[in-house]
Q: 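Can you read through this structure? Questions will come right after.
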Amino acid sequence: MRYSRDMIGYGENAPDPRWPGGAKIAVQIVMNYEEGGENSIEHGDAASEAFLSEIIGAQPWPGKRHWNMESIYDYGARAGFWRLHRMLKDIPLTVYGVATALERAPEQVAAMQAAGWEIATHGLKWIDYRDIPREVEAEHIAKAVELHTRVTGERPRGFYQGRTSMNTVELGCEEGGFEYLADTIADDLPYWQVHNGKPQLMVPYTMDANDMRFSSGQGFGTGVEFFDYLRDSFDVLYAEGQAGAPKMMSIGLHCRLAGRPGRAIAVQKFLEHAMKHEGVWFASRLDIARHWAKEHPFQPRLRPSQMDRDAFLAKFGGIYEHSPFIAERVFDGEMGAIHDTPRGLAARMAQVFRGSSDAERLGVLNAHPDLAGKLALAKRLTAESTSEQASAGLDALTDAEREEFQRVNTAYVEKHGFPFIIAVRDHDKAGIMAAMQARLANDTPTERGTAERQVMRIAELRLIDALKG
């Protein structure tokens, strides 16, 4: 099977984003504008809203309007938006605007545009799409773009559905007009996702540095807690930037939540804290997306997990010397993005090798040629073995050196029953000979374990070469 999730990402060494001006951190604030787009009988929905409000544990009221719930959302439009607008109007930020909510907010939209804020689409309606058919969600995305364009005067360049289905990101890719998608919480940096052979930039969002946690049972209780969390997140990321690994910090705000006085103060305090630091880039998500696309454009690379069987076996069938069954079993098992790196694929192949029968593992050992042996002289080594032996100078031995290698090889095989195996790229000629003489003295069970570890190391080095770039 093919595992769809990418559990490796950038790994240990994330790329330097090269933020403008050498910034140590990019701070990206999102204002979610959902008021007027939530579930409501008056909006044609089957029940009232029950998500992200002051009413903890709220449940939908089927067929009925919920006065308190509607009033909470109304507060966001009437008061919360304007409080946050006064604080943030001079800072680049992104609005996640639900299209039907924006349509009901001409004054707020005008204020967003006057502030120069990016307005991304937050979908057609603020509803849960987990059970919505794929074709219906696609239709909603198209309608959201069309309505957004009519309301704001330009199409959205970013898309965040929020209450997603498993189809949302694919549909966002297929729409074809978005410079970035934000329905991911998977990283601290943008990254490229490939769908149907085409790259799509993802600019991750946040669920932790987000005022939505005021509306959950386990979350922020006071503005102090919210500020502490934002400050601590900023400080850690800023320190990482100072150490040479800059990241982006996303902050999620909602007009009806952070727009309340006791919470808005946390936003104000955070701004004051961040602005005391040099090298802070406040940016919209579109700013970040365009910067990333310029500085880190998509680079196609070989992805073993996406190869067909014939191509995979042709490329990797010889990684374990004359033992293509290892690659066959890898391909037939679970593969995903974690196997698209040399270390990841090497680990998977090693797992298969370790799980093979004793006879199969011994067969792999015996498939390896003697070092500087008769096959080398006859030029009958595999391309990989030829290159490896040459790297340690074993293709240019003196007669005396060759005679000594052959003598020790013969003694080793007579004692242990398989050829001497070593990852020659980790050693020079003298080191290899010293290892041969030392290991000749080992008992066979010990030497069997050593030889198998060397086989796996050779495979790892071969995969580094095969997956370069």
Q: Run the numbers on V455 and V364 for side-chain contact (heavy atoms from CB on, under 4.5 Å), then give the verdict.
A: CA-CA 8 Å; V455 164; V364 173; 3.9 Å; yes
Q: Atom CZ of residue position R343 - does it have more than 12 heavy atoms of other residues, nucleotides or ligands inside 6.0 Å?
A: no
Q: Check R285 with E118, please: is the shortest side-chain N to carboxylate O separation under 4.0 Å?
A: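 Looking at E118 and R285, the cut-off is not met.
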Q: Give me the ring orientation class for F227 and H273: parallel if the planes are under 30° apart, tilted from 30 to 60°, perpendicular past 60°.
A: perpendicular
Q: Taking D16 first and then R18, would you say they form a salt bridge - that is, a charged N and a carboxylate O separated by under 4.0 Å?
A: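 Result for this pair is no, no salt bridge flagged.
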Q: Measuring from atom CG of L463 to atom CD1 of I458, what distance do you get when rounded to the nearest 0.5 angstrom?
A: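 Nearest 0.5 Å value for the CG-CD1 distance: 12.0 Å.
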Q: Quick one: does NZ or CZ of R260 land under 6.0 Å from the six-membered ring centre of Y75, within 45 degrees of the ring axis?
A: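 Yes, R260 and Y75 form such a contact.
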Q: Quick one: does L181's side chain get under 4.5 Å of V169's, heavy atoms only?
A: yes
Q: Check whether more than 12 heavy atoms from other residues, nucleotides or ligands sit under 6.0 Å from atom CD of E107, and answer yes or no.
A: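 No, not enclosed.
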Q: Show, in sequence, the C-alpha distance, side-chain angles and deciding distance for Q28 and S250, and conclude whether the side chain to side chain donor-acceptor pair (under 3.5 Å) test is met.
A: CA-CA 5 Å; Q28 204 296 294; S250 292; 4.8 Å; no
Q: D340 side chain to S305 main-chain N or O, any donor-acceptor pair under 3.5 Å?
A: yes
Q: Could you check whether atom CZ of R78 has more than 12 heavy atoms from other residues, nucleotides or ligands sitting under 6.0 Å from it?
A: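 No, not enclosed.
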Q: Could I get the full list of side chain to side chain donor-acceptor pair (under 3.5 Å) partners for T206, not counting sequence neighbours?
A: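 Listed in chain order: D208.
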Q: Checking E174 against R134 for the salt bridge (charged side-chain N to carboxylate O under 4.0 Å, His left out) test, could you report, in this order, the C-alpha distance in whole Å, the side-chain angles of both residues, the deciding distance, and whether it holds?
A: CA-CA 12 Å; E174 292 167 13; R134 194 181 198 278; 3.0 Å; yes
Q: Evaluate side-chain contact (heavy atoms from CB on, under 4.5 Å) for V267 paired with I29, printing each intermediate quantity in order.
A: CA-CA 10 Å; V267 177; I29 301 174; 5.8 Å; no
Q: For residues V145 and P156, determine if any side-chain heavy atom of one lies less than 4.5 Å from a side-chain heavy atom of the other.
A: yes
Q: Does a side-chain heavy-atom distance below 4.5 Å link P15 with H296?
A: yes
Q: For the side chain of E295 and the backbone of P17, is there at least one donor-acceptor N/O pair under 3.5 Å apart?
A: no
Q: What is the ring orientation for F353 with Y320, classed by angle as parallel under 30°, tilted 30 to 60°, or perpendicular over 60°?
A: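 F353 and Y320: tilted rings.
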Q: Does atom CE (M166) have a neighbourhood of more than 12 heavy atoms from anything else shown, all under 6.0 Å?
A: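 No - once you tally the heavy atoms of other residues, nucleotides and ligands closer than 6.0 Å, there are 12 at most.
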Q: Below 30° counts as parallel, above 60° as perpendicular, anything between as tilted: where do the rings of Y160 and H122 land?
A: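 If you compare the ring of Y160 with that of H122, the planes turn out tilted.
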Q: Can you say whether the rings of H291 and W19 are parallel (under 30°), tilted (30 to 60°) or perpendicular (over 60°)?
A: tilted
Q: Say whether, by atom type as modelled, one donor and one acceptor occur between the side chain of H148 and the main chain of I119 under 3.5 angstrom.
A: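 Checked: pair present.
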Q: Residues two or more places apart in sequence or in another chain: which of them pass side chain to side chain donor-acceptor pair (under 3.5 Å) with T168?
A: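 T168: side chain to side chain donor-acceptor pair (under 3.5 Å) contacts with E137, S165.
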Q: What I want to check is whether the side chains of T184 and Y191 have a donor and an acceptor closer together than 3.5 Å.
A: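 Yes.
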Q: Within the structure provided, determine whether R303 and V194 are in side-chain contact (heavy-atom separation under 4.5 Å).
A: yes
Q: Output yes when a side-chain donor or acceptor of E452 lies under 3.5 Å from a complementary backbone atom of G449, and no otherwise.
A: no
Q: Determine, for K468 against D465, whether the closest basic-nitrogen to carboxylate-oxygen distance falls under 4.0 angstrom.
A: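 Salt bridge: yes.
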Q: Do P20 and D287 come close enough that some side-chain heavy atom pair is under 4.5 Å?
A: no
Q: Between NZ of K89 and CH2 of W82, what distance do you get to the nearest 0.5 Å?
A: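 Going from NZ on K89 over to CH2 on W82, the span is 10.5 Å.
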Q: Can the ring centres of H277 and F234 be said to be less than 6.0 Å apart?
A: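 Aromatic pair counts; centres sit under 6.0 Å.
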Q: Hey, are the side chains of C255 and M31 touching, using non-hydrogen atoms and a 4.5 Å cut-off?
A: yes
Q: Can you tell whether the side chains of R150 and E146 come within less than 4.0 Å, N to carboxylate O?
A: yes
Q: Would you say the rings of Y96 and Y205 are close, in the sense that their centroids are separated by under 6.0 Å?
A: yes
Q: Starting from the C-alpha separation in whole Å, work towards a yes-or-no answer on salt bridge (charged side-chain N to carboxylate O under 4.0 Å, His left out) for E225 and R263.
A: CA-CA 9 Å; E225 292 176 354; R263 297 166 184 157; over 6 Å; no
Q: Is it true that, when you exclude R155 itself, more than 12 heavy atoms of the residues, nucleotides or ligands shown sit nearer than 6.0 Å to its CZ?
A: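 Result for CZ/R155: enclosed.
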Q: I'd like to know whether NZ of K247 has more than 12 heavy-atom contacts from other residues, nucleotides or ligands below 6.0 angstrom.
A: yes
Q: Roughly how far, to the nearest 0.5 Å, is CZ of R83 from CE of M87?
A: 7.5 Å
Q: Between Q306 (side chain) and P304 (backbone), is there a donor-acceptor pair under 3.5 Å?
A: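 A pair under 3.5 Å: no.
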Q: Hey, what do you get for CG (L345) to CE (M335), rounding to the nearest 0.5 Å?
A: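 Reported value, rounded in 0.5 Å steps: 5.5 Å.
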Q: With a cut-off of 6.0 Å (strictly less than), are more than 12 heavy atoms of other residues, nucleotides or ligands near CZ of R5?
A: no
Q: When you look at R329 and D332, which way does the salt bridge (charged side-chain N to carboxylate O under 4.0 Å, His left out) test go after all the steps?
A: CA-CA 5 Å; R329 292 178 189 175; D332 293 340; over 6 Å; no
Q: Which label fits F81 and Y33: parallel for a plane angle under 30°, tilted from 30 to 60°, or perpendicular past 60°?
A: perpendicular
Q: Quick one: do the D183 and T164 side chains pair a donor with an acceptor below 3.5 Å?
A: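 Not at all, the side chains of D183 and T164 share no donor-acceptor pair under 3.5 Å.
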Q: Between E460 and R457 (salt bridge meaning N to carboxylate O under 4.0 Å), is one present in this structure?
A: yes
Q: Enter the distance from T341:OG1 to L302:CG here, rounded to the nearest 0.5 Å.
A: 11.5 Å
Q: Between R163 and Y129, do the side chains contain an N or O donor and an N or O acceptor separated by less than 3.5 Å?
A: no
Q: For T100 and E103, test the side chains for any donor-to-acceptor distance below 3.5 angstrom and give the result as yes or no.
A: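 Per modelled atom types, T100 and E103 side chains form no pair under 3.5 Å.
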Q: Is there a side-chain contact (heavy atoms from CB on, under 4.5 Å) between R256 and D74 once you walk through the steps?
A: CA-CA 8 Å; R256 63 192 174 278; D74 290 349; over 6 Å; no
Q: Please answer whether the main-chain N or O of G336 pairs with a side-chain N or O of R2 as donor and acceptor at a distance below 3.5 Å.
A: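 Not confirmed, R2 side chain does not pair with G336 backbone.
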Q: So, taking the atom named CD in Q161 and the one named OG1 in T121, what distance separates them when rounded to the nearest 0.5 Å?
A: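 Output value for this atom pair is 8.0 Å.
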Q: Quick one, E175 with L171, criterion side-chain contact (heavy atoms from CB on, under 4.5 Å). Give me CA distance, side-chain angles, the key distance, then yes/no.
A: CA-CA 6 Å; E175 196 275 340; L171 292 173; over 6 Å; no
Q: Step by step, work out the salt bridge (charged side-chain N to carboxylate O under 4.0 Å, His left out) result for E321 and R462.
A: CA-CA 11 Å; E321 190 83 6; R462 288 179 176 180; 2.8 Å; yes
Q: Are W117 and H85, when compared by the centres of their aromatic rings, separated by less than 6.0 Å?
A: yes
Q: Taking the side chain as every heavy atom from C-beta outward, state whether F282 and L93 have any atom pair closer than 4.5 Å.
A: no
